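Working notes, beginning with the structure itself.
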Amino acid sequence: MNEIEKTIEILRKSVPPHPYKSREPFRVLVATIISQRTKDEVTYTVAEKLFEKYPTPEKLMNADEKDIAALIYPAGFYQQKAKKIKEVARIIHEKYHNQVPDSLDELLTLPGVGRKTANIVLSRCYGKDAIAVDTHVHRISNRLGWINTKTPEETEKALREILPKRYWKDINELLVMFGRTICRPISPKCDICPVKKYCKYYREKKKEGWVGSA
DNA sequence: AAAACGGGGGC
DNA sequence: GCCCCAGTTTT
């Protein structure tokens, strides 16, 4: 077992499980669009309300865009998200007969769906060999010293090369939870971090005489 | 009060 | 590549 594998095994045991459990492709797709540039705590509460009122693609495609916007309001960027969600619902219903596509190229065709969102659906719903890179995955992979990249696309490519496939599917949920509890963007809690002995960022900060965290 | 946070698309 | 979108949380 190399250092990356050891790190992941430790994180699996110490990081709390990701709260969003649905694997239903349409819901995961829409929830992930809502989650873009917003905290996932608020994402799931508004997604629940949305699906309660509009449980299917047909219902959602016929919903008033303003009403969708109102329901997802706390997530931010609500107008363009509402527009995209409504359009996605229409396409999934009319073009794909309610079956969310399971290929990257087709998913990327949908409005509001980029690499992160598409890869979330592929890995979480379809068990594909996909790595969903969001800012948590990007930041943490670089902090730990696994890779040295500056864009999410580079990160995805680099992780494909150094990360054993059996971890691809879970890496996003794992690092998201690690990122919100310990390895936060600002003032990470390195003093209580379970993998600091494998972390490049920690070693460097220590060398600089940095102490503790907030 | 101000700054940090988090994806995609249009140009 | 740069800039816009709109909230919540942290400092």
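Every chain is numbered from 1, with letters handed out A, B, ... down the list of sequences. Predicted model, so just to flag it, every value in this text is computed and none were measured.
No more than 12 heavy-atom neighbours from other residues, nucleotides or ligands sit within 6.0 angstrom of CD on A:Q99.
Rounded to whole Å, atom C1' of B:dG9 lies 13 Å from atom CD of A:E153. At whole-Å resolution of the value, CD in A:E41 and C1' in C:dT10 are 13 Å apart. For the pair A:E87 CD and B:dG8 C1', the computed distance is 15 Å after rounding to whole Å. Taking atom CG of residue A:L108 and atom P of nucleotide B:dG8, one finds them 9 Å apart after rounding to whole Å. If you measure from atom CZ of A:R180 to atom C1' of C:dT10, you get 16 Å, rounded to the nearest angstrom. In this entry the distance linking CZ of A:R37 with P of B:dG8 reads 11 Å, nearest Å. Between the CZ atom of A:R184 and the P atom of B:dA3 there is a distance of 20 Å, given to the nearest Å. Rounded to an integer number of Å, the gap from CG of A:L29 to P of B:dG8 is 11 Å.
Between A:T135 and B:dC5 there is no side-chain N or O to OP1 or OP2 distance below 4.0 Å. Contact annotation: A:Q36 side-chain N/O to B:dG6 OP1/OP2 distance is not under 4.0 Å. Neither OP1 nor OP2 of B:dG6 sits under 4.0 Å from any side-chain N or O of A:S35. For C:dG7, the OP1/OP2 oxygens have a side-chain nitrogen or oxygen of A:Y78 closer than 4.0 Å.
Using modelled atom types and a 3.5 Å distance limit, the side chains of A:T117 and A:T32 yield no donor-acceptor pair. Side-chain atoms of A:N98 and A:T56 include no donor-acceptor pair closer than 3.5 Å.
Distance alone, capped at 3.5 Å, is enough to place a donor-acceptor pair between the A:N2 side chain and the A:E5 backbone.
Residue A:P185 has its side chain nearest to B:dG6 when only B:dG9, B:dG6, C:dT11 are considered. The side chain of A:R139 sits closest to B:dG6 out of B:dG6, C:dC5, C:dG7. Among B:dC5, B:dG8, C:dG7, the nucleotide with an atom closest to any side-chain atom of A:I186 is B:dC5. Counting only heavy atoms from C-beta on, A:Y73 has its side chain closest to C:dG7 among C:dG7, C:dC5, B:dG6.
For the pair A:K49 and A:E52, the salt-bridge criterion is not met [side-chain N within less than 4.0 Å of a carboxylate O]. Between A:K13 and A:E9 there is no salt bridge, since none of the side-chain N atoms of the basic residue sits less than 4.0 Å from a carboxylate O of the acidic one.
Residue-to-nucleotide proximity on DNA chain C shows that, of A:K39 and A:Q80, the 5′-proximal contact is made by A:Q80. Annotation: of the two residues near DNA chain C, A:V42 and A:F77, the 5′-most nearest-nucleotide partner is A:F77.
The pairing partner recorded for B:dG6 is none, the criterion being a Watson-Crick or G-U wobble arrangement whose two distances lie under 3.5 angstrom.
At the heavy-atom level, A:P111 lies under 4.0 Å from the strands shown only through sugar-phosphate atoms. Nucleic acid contact for A:L110: sugar-phosphate only, since backbone atoms but no base atoms lie under 4.0 Å from a heavy atom of the residue.
Taking atom P on both nucleotides, C:dT11 is separated from B:dG6 by 13 Å, rounded to a whole Å.
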